[in-house]
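Taking it in order: structure first as structure tokens, then the write-up.
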Amino acid sequence: MNNLTPPNPAIYYEQVWQLTRQIPRGRVATYGQLAQLIPCPANVDPDEYHTFGARWVGSAMSACPADVPWQRVINSQGKISQRPGAEMQRQLLENEGIPFVKDKIDLRAYQWRGPGEEELPQQAKLF
DNA sequence: CGCTTGACCGGAA
DNA sequence: ATTCCGGCCAAGC
């Protein structure tokens, strides 16, 4: 393994947590998705960010404050990453109404579209 | 000081 | 669909 933390963890982690707080109840986001939504940090090679960004998000989640809905961040396969506490995470998501099929969540149906997603229904309203 | 161990992901086999 | 692999850091035993 390698590069598990960005050059300036304090700044980066704060961005990850801020973004995670915007994920609505009943929706999920992936580590890689959050990394993409956050700009590549200064002095970081874009290729390196692409390769390790998701891991950095994971590191941020492992140290998140209590007010962050950490359970809504899952891996790119739509599954909960193996670790102690994984069972509770699944429990919390099911409580939010998210169904699991073969230990997997259907990202096409439950993945958060990102900040501004709420504006989409308004457009749909035009018809 | 050395060894272990990470909340990931995309491409190859 | 599934498993394997590279990436090559750094905090905590």
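The sequence lines fix the lettering, A, B, ..., with proteins before strands; numbering per chain opens at 1.
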Atom [atom1] of [X] and atom [atom2] of [N]: how far apart are they, to the nearest Å?
X: A/Gln77; N: C/dT3; atom1: CD; atom2: P; answer: 10 Å
X: A/Gln82; N: B/dT5; atom1: CD; atom2: P; answer: 15 Å
X: A/Trp56; N: B/dC9; atom1: CH2; atom2: C1'; answer: 14 Å
X: A/Asp45; N: C/dC8; atom1: CG; atom2: P; answer: 10 Å
X: A/Tyr12; N: B/dC8; atom1: OH; atom2: P; answer: 13 Å
X: A/Phe52; N: C/dC5; atom1: CZ; atom2: C1'; answer: 13 Å
X: A/Leu37; N: B/dC8; atom1: CG; atom2: P; answer: 18 Å
X: A/Arg55; N: B/dA7; atom1: CZ; atom2: P; answer: 9 Å

> Do A/Val73 and A/Tyr31 come close enough that some side-chain heavy atom pair is under 4.5 Å?
Replying inline: yes
> Do A/Trp56 and A/Tyr49 make the cut of ring centroids closer than 6.0 angstrom?
Replying inline: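 So the answer is yes for these two rings.
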Just compare [options] and give me whichever is closest to any side-chain atom of [X].
X: A/Leu4; options: B/dC9, C/dG7, B/dG6; value: B/dG6
X: A/Ala54; options: C/dC8, B/dC8, B/dG10; value: B/dC8
X: A/His50; options: B/dG10, B/dC9, C/dG7; value: B/dG10

> Is A/Trp70 touching bases, backbone alone, or none of the nucleic acid, heavy atoms closer than 4.0 Å?
Replying inline: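 Base, at least one base heavy atom under 4.0 Å.
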>> Classify A/Ser62 by what it touches in the nucleic acid, base, sugar-phosphate, or nothing, heavy-atom distance under 4.0 Å.
In response: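 Result for A/Ser62 = base.
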> Taking 4.0 angstrom as the limit, do A/Glu96 and A/Arg27 come out as a salt bridge?
Replying inline: no
>> Rounding to an integer number of angstrom, what distance separates B/dG10 and C/dC9 when you compare their P atoms?
In response: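 The same atom, P, in both gives a distance of 22 Å.
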> How close do A/Gly97 and A/Tyr110 get, heavy atom to heavy atom, and via which atoms?
Replying inline: O-CE2, 4.4 Å
> Does A/Ser76 make a side-chain N or O approach to OP1 or OP2 of B/dC8 shorter than 4.0 Å?
Replying inline: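 Result: no.
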> Applying salt bridge (Lys or Arg N to Asp or Glu O under 4.0 Å), which residue pairs with at least one partner in residues 34-51 of chain A are found, sequence neighbours left out?
Replying inline: none
